[in-house]
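Since the structure comes first, as structure tokens, the remarks are kept for the end.
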Amino acid sequence: MPENALLLSTVTPVYRGEDYLARLVAALAELRERLAQEHSPVVLGESIFVDDGAVDRSYEVLLDLQRQHSWIRVVSLSRNFGQHPATIAGILHSSGDWVATLDEDLQHSPKYLIDMFQQVALLGADVVYANPSMPVHGSVLRDSSARLFKFIVAKMSGNPAVRRFNSYRLVRGVVARAAAAVSSYDTYFDVALGWFSNRIASIELPLVDERYRSGGGSGYSWMQLLRHARRMLVTSQVKVLRLGMAAGLASLLLSVAAIMYVTFRKITSPESIDVAGWPTLAIGILFFGGLTSFLVGICLEYMTVLVNNVQGRPTFLTIDRSRDGVLKDWLKGK
Amino acid sequence: MAAVIVPNDNSLRGQVIAICGLGLIGSGTLQYFRRAQTVSVYTSPGGYAASQQERYVDLFVERLRSVIRGMDRRERGPVPLKVLWSAGSAGFAASNEQLRQEMELFSSALRALEALSSSGVAGPVSVFLLSSAGGIFEGVRLIDDATAPCPRRPYGFSKLAQEEALRAARGIATKVILRLTTVYGYMRPHQRGSVIGTMVLNGLKQRETKITGRMSTLRDYIWIEDLAQVLCELILRDGETPLRSLIVASAKPCSLLEIQGAVEKTIGTQLYMSYDLDPDNAEDITVVPNASLLRCQSSVLRVNVRKMYVDLLESRVYGRTA
């Protein structure tokens, strides 16, 4: 490998990829060859496949592919852990300056990685997502429900990047491994990426889920998709929780104002209050309701701090982007 | 210090194993031998200081001869001898003088082994030399069969010189060069500590850990117990090719940030880490699985950190370790 080369690692979690892996590896080999022929500073140095408790012959196929290509690496997990944990495992085994994550079923063609690198060169991005330029699954229900869910989470968390999340990503190696290092079983990896960088870009690409369209079904059941969605929500910092304290404080202040008003009316014009005991009741409900809301808000605030700590949200990460110029020079002519 | 091991199991009888240097790796390997096999162990004293080197080799040879003489053997003739050379406390930043002393010590030991072989006391003689993948392939990622040595500092050149000295040695029937990546293990007084061990110790003592790399610097870390198992199996195996060079690694790169997280979660306290502004040890060094890789099981980092943590607490070493 040339001394100043930018090493690219790819990571692919594998669960049911027996029918697709050979073609995926062929596409990766083609990309590798193309990069070499173009004297690109980017070198595809390794492709890491993570056997996530595969339910078919994926593992055997991977071993065979590994024997044929020295740059293929296979990491086996002890059981099925899920796409994000498997991706995290693969990233933690990578050495690349850049890490690209791709699905096993050719939904994500490796040839588009060069286009994704262009986003890096143009925008100085640390993370580039591929977003589908057309419906992925060919199913209105499936495609629109995914979009709707991301819209809702983006609003609730105040993180607009959620709408771009996709498992086809190109991530700066340092950022990818840092996010993977702090992630736990329940962490939604893309949210963790956002803890380390806000230089997030996206590019529209023709992504098609061939497996779904050909009747092979998704790699995921509806239950798994719901768990996936739950993980995204739990990892994101839900803005509503932060509003809890504000709402509680507002409620408390409102109750104090209301108490003053009721007291003033009772003193100045007691005849205007028809129901005996109403002022006392109103004051009591308003005050204790406001106080309770405020105290719950404080608890939510502390919980947010604790959750951030447990999730491993970092204080800082240092980074060196000085070699991005090499990419810019290479891609200038493209 | 050196240890001479005589296996007592019937299947392994009649041979002698010597470990020269009882630092982190030497003592770890010796412990594994004690646990895994029934052995008798004899030690010889000595240190690496220039004034003690000649004495070190003499004492070692004397001990070898006495052990061989005392062996209960059915056959006469030379005794198969396997030597693990794990001596040397020099690290990446070692001075030329320190490296020169270590080179002389190794050369002196090789001459002594050649003499033992030619005198018919020991034979065949096998030497397993612990070299350094990090020193020889500094700054290289995805080290594989095709990677040519590219040392940058005296430490790396010194390791290459030791390898060359072994290759050129006569009277040594089997020469195995083991290029290790970064080894970490239990902290002991007067032993050079690993970066991970230092982080655990400093975490306990609430002290700052200064890193001459970056948070993202990647290295391949091997846990001492995994390494010891691999070394013991290799040493006890028969039918080794006469000259072989192997990289010993876990093939799993690990960043300092990952290690920091594992240590902090395990010991339950925040580490005070500081990083050099201009680190001279910041380049990634990683290894890929390939034909010349002797792979150590990549045991779980947090489990190993916990072992180190408990060991430090129970042995009360950390009260005495600087």
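Proteins get letters first, then strands, A, B, ... in listed order; numbering begins at 1 in each.
Using a 4.5 Å cut-off between heavy atoms, A:S95 touches chain B through backbone and side chain atoms alike. Residue A:I319 does not touch chain B at all, counting heavy-atom pairs closer than 4.5 Å.
Below 30°, between 30° and 60°, or above 60°: for A:W330 and A:F117 the angle between ring planes is above 60°, a perpendicular geometry. In this structure, A:F81 and A:Y185 have perpendicular ring planes: the angle between them is above 60°, well past the 30° mark.
Using a 4.0 Å cut-off between a side-chain N of Lys or Arg and a carboxylate O of Asp or Glu, A:R34 and A:E38 qualify as a salt bridge.
Close approach to chain A, defined as a heavy atom under 4.5 Å from one of its heavy atoms, is seen in B:A251, B:K252, B:P253, B:L257, B:E258, B:K265 of residues 250-266 of chain B, taken by number.
When the salt bridge (Lys or Arg N to Asp or Glu O under 4.0 Å) test is applied to A:R169, the partners found at least two apart in sequence or on another chain are A:D190. Not counting sequence neighbours, A:R79 has no partner by the salt bridge (Lys or Arg N to Asp or Glu O under 4.0 Å) test. Qualifying salt bridge (Lys or Arg N to Asp or Glu O under 4.0 Å) partners for B:R153, counting only residues two or more places apart in sequence or in other chains: B:E138.
Side chains of B:E163 and B:S131: a donor on one and an acceptor on the other come within 3.5 Å.
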